2 protein chains.
Amino acid sequence: MLSERQRMILSAIVDDYIRSAEPVGSRSISKRGDVTFSPATIRNEMADLEEMGLLEQPHTSAGRIPSIKGYRYYVDNLVTLDGVHDQDVRKIRTFFAEKMNHWEGVIGHASTILSQLTNYTSIVLGPEMFSTTLKHFQLVPINDASAVAIIVTNTGHVEHRTIAVPDGISMDDMNKVVNLLNDKLAGVPFYRIKSVLHSEVANELSRYVDHCEDILSILENTITEEQEPKVFLSGASNMLTQPEFKDVDKAKNILGILEETQILMRLFESTPEGIQVKIGTENTLAAINQCSLITATYTIDGQSLGTIGILGPTRMEYRKVISLLDYLSKDIALLMSRWYK
Amino acid sequence: MLSERQRMILSAIVDDYIRSAEPVGSRSISKRGDVTFSPATIRNEMADLEEMGLLEQPHTSAGRIPSIKGYRYYVDNLVTLDGVHDQDVRKIRTFFAEKMNHWEGVIGHASTILSQLTNYTSIVLGPEMFSTTLKHFQLVPINDASAVAIIVTNTGHVEHRTIAVPDGISMDDMNKVVNLLNDKLAGVPFYRIKSVLHSEVANELSRYVDHCEDILSILENTITEEQEPKVFLSGASNMLTQPEFKDVDKAKNILGILEETQILMRLFESTPEGIQVKIGTENTLAAINQCSLITATYTIDGQSLGTIGILGPTRMEYRKVISLLDYLSKDIALLMSRWYK
DNA sequence: ATTAGCACTCAATTGGAATGAGTGCTAATG
DNA sequence: CATTAGCACTCATTCCAATTGAGTGCTAAT
């Protein structure tokens, strides 16, 4: 649909604008070298591209900037992945060289690297449990009043949490409860555990143990809370380096959003496997309509575990970020496969 | 050293400046009602106060603003605590009404409340372990390759972490290791565990078990990492609402700092018990020389557990923040005493 | 089909005048 | 003698008009 020349010009404009954050004029394109036409010719093409909705003009006597649609075309058709820069690879290597023996380490480090290498904000979701089932549940008493609940999933993922034990519950009762839970809940997907707890377990439990409501509510909290993936955020202040957020109010809006884990998670709802680019208003959340979000899932044995993402202005270095996310998501999968066998 | 009238005027200037963030003129003070002198008189007194270093003038024809020394005098001598506002108390109540069965919940909520009620940034440190000793160590095997390490301190505090178990370590070996560790390390303060591990445990361990270096290094990591208190941050974006940070560069500086947990912790090094106010350059960290940090420790049975703090511009609502921190630190102690018996 | 040339647009910059909040000093006042 | 009214002075801020310059669209020439 676009001529080769138009594609070249569009590409040049997007590239230039990504670099400079200033509207791009016909003259500067002509001088770049890779497009050998005169400014006048380029102007004509630009007018056409604008008519197609790929470019827009802030005001009559300014250069052009890419529209959302323009970025979309650029990302879908013009971005050539040139791989990750050598020095970036080296930096990732040294970062991950440190021996890590829990997944939070890997995910946390990944988040830090991403923001450092891109100068954007990185958002990383830990292993999700939506598609995961309970494999094993264990309670380790610590003292009269508290115990550690350990939850093992079918993926080999382990979560733990200290819980308060209500007064008047004996060790014996505990064991009964734990056994019953393992019987009933093993193999049940997490998102269904809450209802199973109420429908099947509650009745049976009341036969064996007093105070069962207390125990149930605690378990319910513990298990359902763990269901939520943990969110790691890094480089939020990088937003402020972008000229589009030199207006403090805009910046505050976005940074405020970034502080609300709940909202962040909604951003990642229904991210498909592989790499996804959401540009400006393509994001459902109005507050980040000036931003682009690029996400990549990390998978082991074809199963999607979690998501890493970069949030930046729509004027984002798509080429670099996409390459990097692709590389890193595979790296994370590799590193984490140790715990998932 | 200051006359009553000078104290009134200084107090009025600080209050006004805290409210408006604009230099305060003699006329506006005179019109407030509580200082009944004419602008001319007030001007004379202001000149004196400036000479004493309590006030300063941005430029010749502007009003006065408090100097660091002025704030200091204000905080030390002029702040009257009027307690926490009723509606704030209610808000805290509803926030804490939710049943919480792990300390992260309490601390995390406290952080959120603080930033919401003050519109500043809150920094909260979880229970410290510097003055804490190991009470009990436990390893719960999950599968061949991993186990959960549970660490109980003398304060009743519980930490846990999943660790990877090196190949070729049997359950039996494990138990031996755990028993040995409990023998040797129970009662040892955390900050000394690392050295004890090397000096006393390493030798002995090598007699019983192969691969002991692997195990040791993992344990060392696990234990020493837990030693660091967890940092909770909330309302960082509130910084941007302050006119002193309308300059994006300044804002980025501070927000950048806030993202670095290591640095944040250094801010809290050696916070004395009770409430402490550090104004502007009184902070050792140059990056926050435009800020004031107010901290309060929460203690149980006279033992200091952790610290809650508010970071804001030097032009901070000291009265309100100090009252609030005082109130909340006691509240946290109360809530947490459940787990510390 | 391409491009040189030209008139036109409009945001951004510049500089100088007007504004006004606030001061310091002096002399008058109770 | 402490207080205050009065006044000249300072200086950041605001306002406005003129200038600048990057960039466009159109037309005619190549």
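Chain identifiers are assigned alphabetically (A, B, ...) following the order of the sequence lines, protein sequences preceding nucleic acid strands; residue numbering begins at 1 within each chain. Just so it is clear, the model here is predicted, and its values are computed rather than measured.
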Starting from [atom2] on [N], measure out to [atom1] on [X] and report it in whole angstrom.
X	N	atom1	atom2	answer
B:Ile65	C:dG22	CD1	C1'	14 Å
A:Lys31	C:dT3	NZ	P	17 Å
B:Glu45	C:dG22	CD	P	19 Å
B:Tyr17	C:dG22	OH	P	14 Å
B:Asn44	C:dA27	CG	C1'	13 Å
B:Glu56	C:dG22	CD	P	17 Å
A:Arg27	C:dC6	CZ	C1'	15 Å
A:Ile29	D:dA22	CD1	P	16 Å

Would you compute the distance between atom CD of A:Glu4 and atom CD1 of A:Ile9 and round it to the nearest 0.5 angstrom?
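Taking CD in A:Glu4 and CD1 in A:Ile9, the distance rounds to 10.5 Å.
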Could you measure the distance from the CD1 atom of A:Ile18 to the CD1 atom of A:Ile65? Nearest 0.5 Å is fine.
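So the CD1 of A:Ile18 and the CD1 of A:Ile65 are separated by 12.5 Å.
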Which nucleotide in the list [options] gets nearest to the side chain of [X]?
X	options	value
B:Thr60	D:dT4, C:dG24, D:dC11	D:dC11
A:Ser38	C:dA4, C:dT23, D:dT4	C:dA4
A:His59	C:dC10, C:dA4, D:dT24	C:dC10
B:Ala40	C:dT3, D:dT4, C:dT23	D:dT4
A:Arg5	C:dT2, D:dT4, C:dT23	C:dT2

Walk me through whether B:Gln276 and B:Thr271 qualify under side-chain hydrogen bond (donor to acceptor under 3.5 Å, both in side chains).
CA-CA 7 Å; B:Gln276 192 199 32; B:Thr271 34; 6.0 Å; no
Toward the 5' end of DNA chain D, by each residue's nearest nucleotide, B:Arg43 or B:Pro58
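Here B:Arg43 is the residue nearer the 5' end.
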Side chains of B:Tyr73 and B:Arg7: do they bring a donor and an acceptor to under 3.5 Å?
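The criterion, which ignores hydrogens and geometry beyond distance, is satisfied for B:Arg7 and B:Tyr73.
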Just checking, is any N or O donor in the side chain of B:Ser122 or B:Ser115 under 3.5 Å from an acceptor N or O on the other one?
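On atom types as modelled, these side chains do not qualify, holding no pair under 3.5 Å.
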Going by purine N1 to pyrimidine N3 plus the second Watson-Crick contact, or the G-U wobble pair, all under 3.5 Å, which nucleotide sits opposite D:dT13?
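Partner of D:dT13: C:dA18.
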Return the pairing partner of D:dT27 with a 3.5 Å limit on both distances, Watson-Crick or G-U wobble; otherwise return none.
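By the stated definition (distances under 3.5 Å), C:dA4 pairs with D:dT27.
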D:dT10 base / B:Ser61 side chain donor-acceptor hit below 3.5 Å
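Donor-acceptor pair under 3.5 Å: yes.
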May I ask you to say what B:Thr41 touches in the nucleic acid, namely base, sugar-phosphate or nothing, with a heavy-atom cut-off under 4.0 Å?
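Contact class for B:Thr41: base.
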